[in-house]
Amino acid sequence: MKTRTCATAVFAAIAAIAAGCAGMNDQETSQKALEVMKASFNERGQAKLDRLNQDEAQKLCSKPPSQELAKDIAAGIEKANLASIRYPADGRLMGDWRQGERIAQSGIGKQFSDDPKIPAGANCYACHQLSKAEISYGTIGPSLYNYGKLRGTSDAIQRYTYGKVYNSQAFTACSNMPRFGHNGILTEQQMKDVTALLLDPGSPVNQ
Amino acid sequence: MIRRKMAATVLAAGAALGVSAQSSPEAEIAKYREALAAGNPAELWEARGEALWKQKRGPKNASLEACDLGKGAGAVKGSYAELPRYFADANRVMDLETRLVHCMTTLQGFRVADATKRVFGAGTNRSDFESLAAWITSESKGVTMNVALDHAKEREAYQLGEKMFYFRGGPHDFACATCHSESGKRIRLQDLPNLTEKAGAQLAYTTWPAYRVSQGELRTFQWRLNDCFRQQRFPELKFASEASIALTTFLARNANGAAFDAPAIKR
């Protein structure tokens with residue numbers, strides 16, 4: 001473990017050497033970093049200090065993307081996250097794509113500057129292309145344009161899509177995509193609505 | 001006079017920004033920079049910062065001219081390109097803001113709470129820190145970034161900063177790395193620098209502080225960290241806290257070798 005930090009120091013070898021592999025080992029550095037962070041933030045609005053308490057996946061995923069997870073660890077993350085998905089009791093996974101579009105557009109939610117009384121958005125457009133009309137989209141995630149047109153709306157696709165939005169890491173350990181249901185960002189109805197945005201043949205995503 | 005000329009250019013540039021919603025934000029900023037070739041509004045903050053540095057203030061009625069930013073008492077030129085660094089008199093690593101608080105308390109006699117009342121300005125309520133940082137950093141323009149990791153505490157700060165960069169948490173599972181560890185990515189239309197590569201770290205770090213056109217304010221690197229943590233859904237980063245010193249050390253060190261080029265101008 002000790003050599004990890006050194007090996008992954010991303011910059012010039014000099015930096016790695018200078019940063020020294022002699023001091024704290026990797027785990028001690030992580031521990032110290034957490035302590036320092038806990039003393040370095042103020043609670044503000046809805047953003048309390050407990051946001052610095054990591055769950056298992058967050059801990060395991062706190063690493064450079066170039067540093068690959070062992071296969072069994074990745075599988076373990078996916079299994080635990082898959083088990084967290086709660087599908088709607090009424091069995092319906094597709095809501096209203098028009099609402100879904102609004103949710104996909106909105107970047108409000110969970111910031112200390114946001115009013116917690118206003119429902120959170122998902123800002124899918126921050127990372128994904130979705131409809132043809134919206135040209136202000138990011139590229140952190142893959143394009144989802146024509147998602148439903150290409151995949152259809154079978155029960156399996158609906159379950160996968162709702163599940164992906166609920167907990168992205170059920171399918172991809174350490175995904176950069178937020179776990180919208182698992183972490184309570186979106187409500188069940190909102191997740192149905194964005195699922196419809198992706199799958200409904202009438203949605204702009206599929207034109 | 002300066003103010004007058006600048007106001008006119010800002011208006012002209014603002015108009016240029018407004019016209020073509022089609023072209024990329026980068027192209028717009030390039031145009032804006034051109035229009036402002038005569039002067040960056042940051043100069044207003046720089047002038048105020050220089051005056052503040054020299055003005056006798058605080059319970060001890062002293063100026064900051066005896067403040068040691070690392071290159072000896074009163075030596076400002078080139079100092080920012082070597083910060084953060086270890087200061088023996090405080091026995092800790094300090095970034096510019098932390099050092100300024102140190103000097104305001106020790107030399108001028110301010111209480112920390114009074115010195116840090118307004119860390120980010122809004123409109124006519126300017127922050128002394130933003131002004132001082134504008135001037136002090138301008139005195140490092142063109143100087144090669146050279147942050148040392150000679151002292152054990154400097155190495156520790158770097159390592160902690162690196163850990164924090166990859167630390168995922170909060171309701172969105174975000175880390176700095178979520179948005180800043182791949183090249184050529186953008187969020188909505190904003191290009192995201194890859195801060196894990198030398199070129200990306202250099203370009204980003206050497207261009208703060210910056211006059212932000214969208215806010216009409218001079219913003220420091222400290223502010224940049226604060227606002228990225230907000231978007232990361234973390235609580236509020238404390239001004240001049242250990243975490244901000246560690247992250248700043250990590251990023252400043254990674255920018256070593258590049259010529260410092262701020263105060264700049266940004267979106």
Side-chain angles (χ1 to χ4, degrees), chain A residues 5 8-12 15 18-20 23-24 29-30 32-34 36-37 39-45 47-49 51-54 57-59 61-66 107 109-113 120 123 125-127 135-140 168-169 174-179 183-185, chain B residues 22 148-150 152 154-175 177-179 181-182 184-190 192 195-198 201 227 229-247 250 253-254 256-257:
Chain A
T5 338
T8 58
V10 266
F11 290 92
M24 298 178 286
T29 310
S30 295
K32 181 82 200 279
L34 181 58
V36 168
M37 288 179 88
S40 297
F41 286 87
N42 284 323
E43 302 204 322
R44 183 165 166 189
K48 307 294 184 208
L49 287 179
R51 292 195 177 179
L52 299 172
N53 298 337
Q54 293 176 305
Q58 289 173 334
K59 258 185 227 155
C61 298
S62 291
K63 55 165 194 65
S66 57
K110 304 286 182 193
Q111 300 172 123
F112 61 65
S113 50
N123 216 1
Y125 281 106
C127 301
I135 54 162
S136 173
Y137 62 86
T139 55
I140 293 175
S168 59
Q169 298 202 39
C174 300
S175 172
N176 276 339
M177 174 164 153
R179 296 173 287 176
N183 282 342
I185 301 165
Chain B
Q22 294 307 313
L149 297 183
D150 296 334
E154 292 168 343
R155 293 193 288 277
E156 182 182 305
Y158 181 92
Q159 282 181 291
L160 293 177
E162 181 176 30
K163 278 286 173 213
M164 290 171 198
F165 187 86
Y166 293 107
F167 182 95
R168 295 186 69 169
H172 284 57
D173 298 329
F174 286 162
T178 310
C179 296
S181 66
E182 273 185 89
K185 296 285 179 188
R186 48 172 227 254
I187 195 162
R188 288 285 183 161
L189 289 181
Q190 282 156 42
L192 293 166
L195 299 174
T196 69
E197 279 184 1
K198 193 147 193 85
D227 203 56
F229 270 127
R230 181 182 64 83
Q231 294 177 58
Q232 203 169 312
R233 273 74 180 178
F234 275 38
E236 187 178 41
L237 182 66
K238 285 187 200 167
F239 184 76
S241 59
E242 292 301 320
S244 90
I245 295 167
L247 263 172
F250 175 63
R253 165 74 185 197
N254 292 342
N256 265 7

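Residue numbering restarts at 1 for every chain, and letters A, B, ... go by the order of the sequence lines.
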With a 4.5 angstrom heavy-atom cut-off, could you sort out which part of [X] is near chain B: side chain, backbone, both or neither?
| X | answer |
| --- | --- |
| A/Lys63 | backbone |
| A/Lys110 | both |
| A/Leu49 | both |
| A/Asn123 | side chain |
| A/Ala39 | backbone |

Report yes or no: does [X] contribute a side-chain atom to a donor-acceptor pair with the main-chain N or O of [Y] at less than 3.5 Å?
| X | Y | result |
| --- | --- | --- |
| B/Arg233 | A/Arg51 | no |
| B/Glu236 | A/Gly45 | no |
| B/Glu242 | A/Ser40 | no |
| B/Lys185 | A/Thr139 | yes |

Side chain / backbone / both / neither for [X] at chain A, heavy atoms under 4.5 Å:
| X | value |
| --- | --- |
| B/Phe174 | side chain |
| B/Gln232 | neither |
| B/Leu192 | side chain |

Taking all non-hydrogen atoms of both residues into account, name the closest pair between [X] and [Y] and its distance.
| X | Y | value |
| --- | --- | --- |
| A/Ile135 | B/Arg186 | O-NH2, 4.3 Å |
| B/Tyr166 | A/Pro65 | CE2-CD, 4.2 Å |
| B/Arg168 | A/Cys174 | NH1-O, 3.1 Å |

If you count heavy-atom pairs under 4.5 Å with chain A, which of [options] comes out on top?
| options | result |
| --- | --- |
| B/Phe239, B/Phe167, B/Phe165, B/Phe234 | B/Phe167 |
| B/Ala148, B/Gly184, B/Gly170 | B/Gly170 |
| B/Asp173, B/Ile187, B/Asn256 | B/Asp173 |

Looking at CD of B/Glu182 and CG of A/Asn176, how far apart are the two atoms once the value is rounded to the nearest 0.5 Å?
7.0 Å
Under the side-chain contact (heavy atoms from CB on, under 4.5 Å) rule, what do A/Met37 and B/Leu247 come out as? Steps first, then yes or no, please.
CA-CA 11 Å; A/Met37 288 179 88; B/Leu247 263 172; over 6 Å; no
Tell me every residue that passes ring-ring contact (aromatic ring centres under 6.0 Å, His included) with A/Phe41, counting only those two or more places apart in sequence or in another chain.
B/Phe229
Among A/Gly184, A/Ala57, A/Ser175, who wins on heavy-atom pairs under 4.5 Å with chain B?
A/Ser175
Largest heavy-atom contact set with chain B, pairs under 4.5 Å, which of A/Glu43, A/Arg44, A/Gln111
A/Gln111
Can you sort out the partners of B/Ala246 under side chain to side chain contact (heavy atoms under 4.5 Å, CB included), two or more places apart, ordered by chain and number?
B/Leu160, B/Met164
Criterion side-chain contact (heavy atoms from CB on, under 4.5 Å) on A/Lys32 and B/Gln159, from CA distance to verdict
CA-CA 10 Å; A/Lys32 181 82 200 279; B/Gln159 282 181 291; over 6 Å; no
